[in-house]
Participant: 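One structure, pasted below without further comment.
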Amino acid sequence: MQEADVCIVGGGVMGAATAYAISGMADQRIILLDRYGVGNEYCSSNDVNRVFRYSYGNNQYYTKMAIESLRLWRDAEKETGQELLVPTGLLMLGGVDEHANRFNESSFKTLTNLGLGAEVYEGPELKNRFPQFQAKVGFFDPHGGVLLASKSLETFSSQAGARGVRILEKHVTAFRGKSGLEIETSDGETIRAKKLVVTVGPWTGRFLRDALTGITSTRQQLIYLKPSRDIEKFRPTSCPVFFTDHHYGLPAVGIDGVKVSNKELTEPVDPETARRSVDQEQIEQCRAACRRFVPDLGDGEVVRTKVCLYDMTENSDFVIDRDPDNRDIVYGYGFSGHGFKFAPLIGKLLAELALDREPSFDLSRFSIRRPQRKPRMAGGQLGKGE
Ligand SMILES: Cc1cc2nc3c(=O)[nH]c(=O)nc-3n(C[C@H](O)[C@H](O)[C@H](O)COP(=O)(O)OP(=O)(O)OC[C@H]3O[C@@H](n4cnc5c(N)ncnc54)[C@H](O)[C@@H]3O)c2cc1C
């Protein structure tokens, strides 16, 4: 029987960041388990890139989390010598969708009120500054950027491995806690641990009881388009991350293609059986959005596609909490399509809970207990994913 001080189940970015954080904070015997192996093709963390932004509409809480998270991304880069976050800024283009326009304007106001240097461009000024785009108005968050997602996950897990974390490919089927915790795996093994951290993303449902905050797994489709003309205009030195009415896009970072995706797909799926190929209809919709806002991408060649799953809570707030019936079990899930940018902070917070330390950020918003959660929102305030 294997024994550990802390067992982390789920080797997406949150499990890897937690292993990285705990192994940097304390001398613990740590095991990190994943049913398909850390950073596998099915998890929600393993893609070329992800959006980083300060912009969160009028929600100062997430903006402040993003500020702290940026600091931790830079620390991780220093410690590992790897570039993980490429600064590009975020351009939020005005369109016809009221929610999106409200989100853009309120993000601009929040950043301005916090003295974070947001900018607004109109008409010819917008065309001069960002010739790749067409819109009447664009709000610019200078703190936006592109996270190299797979590379970040690999960096957290290899750093954790170098510090002695045991990383194993194992499928956890059940866990129970009486005196100490017992974690059962599909190959008939039982692992004993003092603490358990559960970060299984879209698969979390199978481990939840009725009283705990639930999630819905939804199928998301990503399309990478190669611009029909000069790709250099879409490199991070000149092209920001962008939001349009219903889509978002990332410049060509880590791949010779601009990522475009619909941010409003809500199709619920079972993570065990979800179809992992994109629909032609989504490719056409992404191209149509580009014809309107980013003309050089309108007929772009598709160079890569990917399907992955959001683990949505009802109000898009995360769950970062202990099990109410057993404080040795810690949960991190429900990252609702916008968690990646906070990975080093979430890893640190899950580590603090697992090590019985005072969390360094107010976690009341992220309670696992249903009655303590804020109600569902009217829509759009968090930017609906990404
Ligand atoms: C299409 C898409 C775009 C996104 N864009 C952005 C963005 O631009 N910016 C941003 O901030 N966030 C974004 N996100 C959100 C972010 O990527 C996720 O919140 C984050 O990757 C979730 O990581 P995780 O570790 O919780 O889950 P996952 O990465 O899904 O990892 C869970 C792991 O648990 C393992 N597992 C499951 N069950 C078991 C079991 N029983 N035993 C052992 N292992 C198990 C799985 O194999 C998997 O590897 C996006 C998400 C998606 C899907």
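Both ligands and their constituent atoms are indexed starting at 1 by order of listing. Since the structure is predicted, the reported quantities are computational estimates derived from the model, not experimental observations. The figures here come from the full heavy-atom set of this structure, side chains too, leaving out hydrogens, waters and symmetry mates.
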Participant: Of the side chain and backbone of N40, name the one, both, or neither that has a heavy atom under 4.0 Å from an atom of ligand 1.
Facilitator: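 Under 4.0 Å from ligand 1, N40 contributes side-chain atoms alone.
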Participant: Is there at least one pair of N or O atoms, one from P202 and one from ligand 1, spaced under 3.5 Å apart?
Facilitator: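 N/O-N/O distance under 3.5 Å: no.
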Participant: At under 4.0 Å between heavy atoms, is it the side chain or the backbone of V38 that contacts ligand 1, or both, or neither?
Facilitator: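 Within the 4.0 Å criterion, V38 makes no contact with ligand 1.
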Participant: For M14, counting its heavy atoms only, list the atoms of ligand 1 lying under 4.0 Å from any of them.
Facilitator: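 Counting atoms of ligand 1 from 1, those under 4.0 Å from M14 are 23 (O), 24 (P), 25 (O), 26 (O).
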Participant: Give me the atom names and distance for the closest heavy-atom approach of R291 to Q134.
Facilitator: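 Between these two residues, the closest heavy atoms are O-NE2, 3.5 Å.
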Participant: Is there a polar contact between ligand 1 and L309, counting only N or O atoms under 3.5 Å apart?
Facilitator: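 L309 vs ligand 1: no N/O contact under 3.5 Å.
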Participant: So is G332 polar-close to ligand 1, meaning N/O to N/O under 3.5 Å?
Facilitator: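 Looking only at distances, the answer is no, because the N/O contact criterion of under 3.5 Å is not met.
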Participant: What about V51: any of its N or O atoms under 3.5 Å from an N or O on ligand 1?
Facilitator: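 Such a contact does occur with ligand 1.
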Participant: For R373 and F318, work out which heavy atoms get closest and say how close.
Facilitator: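 That would be NH1-O, 2.7 Å.
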Participant: Would you indicate which of T204, V200, D34 comes nearest to atom 35 (C) of ligand 1 when only heavy atoms are counted?
Facilitator: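 Result: the heavy atom closest to atom 35 (C) of ligand 1 is in D34.
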Participant: Any nitrogen or oxygen of H338 lying under 3.5 Å from a nitrogen or oxygen in ligand 1? Just yes or no.
Facilitator: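 N/O-N/O distance below 3.5 Å exists for this pair.
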Participant: Using a heavy-atom cut-off of under 4.0 Å, does the side chain or the backbone of L222 touch ligand 1, or both, or neither?
Facilitator: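 Near ligand 1, L222 shows its side chain, while the N, CA, C and O stay back.
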Participant: Assign the ring pair Y121 / F140 to parallel, tilted or perpendicular, where the plane angle (0 to 90°) is split at 30° and 60°.
Facilitator: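 Because their plane-to-plane angle is over 60°, the rings of Y121 and F140 count as perpendicular.
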Participant: Specify the closest pair of heavy atoms between D311 and Y333, including all atoms of both residues, with the distance to one decimal.
Facilitator: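 Closest heavy-atom pair between D311 and Y333: OD2-C, 3.9 Å.
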Participant: Going by the angle between their ring planes, with limits at 30° and 60°, are W73 and F156 parallel, tilted or perpendicular?
Facilitator: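 W73 and F156: tilted rings.
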Participant: Quick one: does F342 get within less than 4.0 Å of ligand 1, heavy atoms only?
Facilitator: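 Under 4.0 Å: no for F342.
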Participant: Could you tell me which non-hydrogen atom of L181 sits nearest to which non-hydrogen atom of D328, and how far apart they are?
Facilitator: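 Heavy atoms of L181 and D328 come nearest at CD1-O, 3.8 Å.
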Participant: Do ligand 1 and D311 have nitrogen or oxygen atoms that lie under 3.5 Å from each other?
Facilitator: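 No, there is no polar N/O contact under 3.5 Å.
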Participant: Say whether Y310, considering both its backbone and side-chain N or O atoms, lies within less than 3.5 Å of an N or O atom on ligand 1.
Facilitator: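 There is no such contact.
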Participant: Using a 4.0 Å cut-off to any heavy atom of Y36, which atoms of ligand 1 qualify?
Facilitator: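 Every atom of ligand 1 under 4.0 Å from some heavy atom of Y36: 47 (O).
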Participant: Which ligand 1 atoms, with their elements, are less than 4.0 angstrom from a heavy-atom of C308?
Facilitator: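 Close to C308: 1 (C), 2 (C), 52 (C), 53 (C).
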Participant: On the 0 to 90° scale, with breaks at 30° and 60°, tag the Y54-H143 ring pair as parallel, tilted or perpendicular.
Facilitator: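 Taking H143 first and then Y54, their aromatic rings lie parallel (interplane angle under 30°).
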Participant: Return a yes/no value for G337: is any of its N or O atoms, backbone included, closer than 3.5 angstrom to an N or O of ligand 1?
Facilitator: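 Checking ligand 1 against G337, an N or O pair does fall under 3.5 Å apart.
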Participant: For Y333, is the nearest heavy atom under 4.0 Å from an atom of ligand 1?
Facilitator: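 For ligand 1, residue contact (heavy atoms, under 4.0 Å) with Y333 is absent.
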Participant: Do you know which two heavy atoms are closest between L265 and Q220, and how far apart they sit?
Facilitator: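 Answer, listing the atom of L265 first, then Q220: O-NE2, 3.0 Å.
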Participant: Please identify which atoms of ligand 1 are closer than 4.0 Å to at least one heavy atom of C43.
Facilitator: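 The atoms of ligand 1 under 4.0 Å from a heavy atom of C43 are 28 (P), 29 (O), 30 (O), 31 (O), 48 (C), 49 (O).
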Participant: When the ring centroid of F242 is compared with that of F133, is the distance short of 6.0 Å?
Facilitator: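 Judged by ring-centre distance (under 6.0 Å), F242 and F133 do meet the cut-off.
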Participant: Regarding atom 27 (O) of ligand 1: of the candidates A174, G201, A66, which has the closest heavy atom?
Facilitator: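 Among A174, G201, A66, the closest heavy atom to atom 27 (O) of ligand 1 comes from G201.
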Participant: Mind checking whether R206 contacts ligand 1 via backbone (N, CA, C, O), side chain (CB onward), both or neither, at a 4.0 Å heavy-atom cut-off?
Facilitator: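 Neither; no heavy atom under 4.0 Å.
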Participant: Can you list the ligand 1 atoms lying under 4.0 Å from a non-hydrogen atom of K341?
Facilitator: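 Within the 4.0 Å cut-off of K341, ligand 1 contributes 9 (N), 10 (C), 11 (O).
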Participant: Under 4.0 Å, heavy atoms only, figure out whether ligand 1 is touched by the backbone of W203, its side chain, both or neither.
Facilitator: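 Near ligand 1, W203 shows its side chain, while the N, CA, C and O stay back.
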Participant: Quick check on contacts: which atoms of ligand 1 are under 4.0 angstrom from a heavy atom of H171?
Facilitator: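 Near H171, meaning under 4.0 Å from one of its heavy atoms, ligand 1 has 40 (C), 41 (N), 42 (N).
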Participant: Is it the side chain, the backbone, both or neither of F175 that has a heavy atom closer than 4.0 Å to ligand 1?
Facilitator: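 Under 4.0 Å from ligand 1, F175 contributes no heavy atoms.
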Participant: Quick check: closest heavy atoms across F342 and S69, and the distance to 0.1 Å?
Facilitator: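 Here F342 and S69 meet closest at CA-OG, 3.3 Å.
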Participant: Out of F52, Y248, F340, who is nearest to atom 16 (C) of ligand 1 when you count heavy atoms only?
Facilitator: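 Comparing heavy atoms across F52, Y248, F340, the nearest one to atom 16 (C) of ligand 1 lies in F340.
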Participant: In ligand 1, which numbered atoms sit nearer than 4.0 Å to a non-hydrogen atom of G10?
Facilitator: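 In order of numbering, the contacting atoms are 33 (C), 34 (O), 35 (C).
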Participant: Using ring centroids (six-membered ring only for Trp), state whether Y56 and H338 fall under 6.0 Å.
Facilitator: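 Ring-ring flag for H338/Y56: true, centres closer than 6.0 Å.
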Participant: For atom CZ of F175, is the number of surrounding heavy atoms from other residues, nucleotides or ligands below 6.0 Å larger than 12?
Facilitator: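 Buried by this count: over 12 neighbours within 6.0 Å.
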Participant: Under 3.5 Å, is there a donor-acceptor pair between the E77 and Q82 side chains?
Facilitator: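 Side-chain D/A pair, E77 to Q82: absent.
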Participant: Do NZ/NE/NH1/NH2 and the carboxylate oxygens of R369 and D321 come within less than 4.0 Å?
Facilitator: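 Result for this pair is no, no salt bridge flagged.
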Participant: Does CD in E98 sit with more than 12 non-hydrogen atoms of other residues, nucleotides or ligands closer than 6.0 Å?
Facilitator: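 At most 12 heavy atoms, drawn from other residues, nucleotides or ligands, come within 6.0 Å of this atom.
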Participant: Record the part of T199 in heavy-atom contact with ligand 1 below 4.0 Å; permitted values are side chain, backbone, both and neither.
Facilitator: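 Near ligand 1, T199 shows its backbone, while the atoms from C-beta on stay back.
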Participant: Just by distance, with hydrogens left out, do D296 and Q132 show a side-chain donor and acceptor under 3.5 Å apart?
Facilitator: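 Judged by distance alone, the side chains do not pair up.
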Participant: Would K170 count as a contact of ligand 1 if the rule is a heavy atom under 4.0 Å away?
Facilitator: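 Yes, K170 has a heavy atom closer than 4.0 Å to ligand 1.
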Participant: Any heavy atom of Y42 closer to ligand 1 than 4.0 angstrom?
Facilitator: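 No heavy atom of Y42 comes that close to ligand 1.
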Participant: Is the number of heavy atoms from other residues, nucleotides or ligands under 6.0 Å of R276 CZ greater than 12?
Facilitator: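 Result for CZ/R276: enclosed.
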Participant: Pull out every atom of ligand 1 sitting under 4.0 Å from any heavy atom of Q220, numbered as shown with elements.
Facilitator: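 Listed by number with element, the hits are 1 (C).
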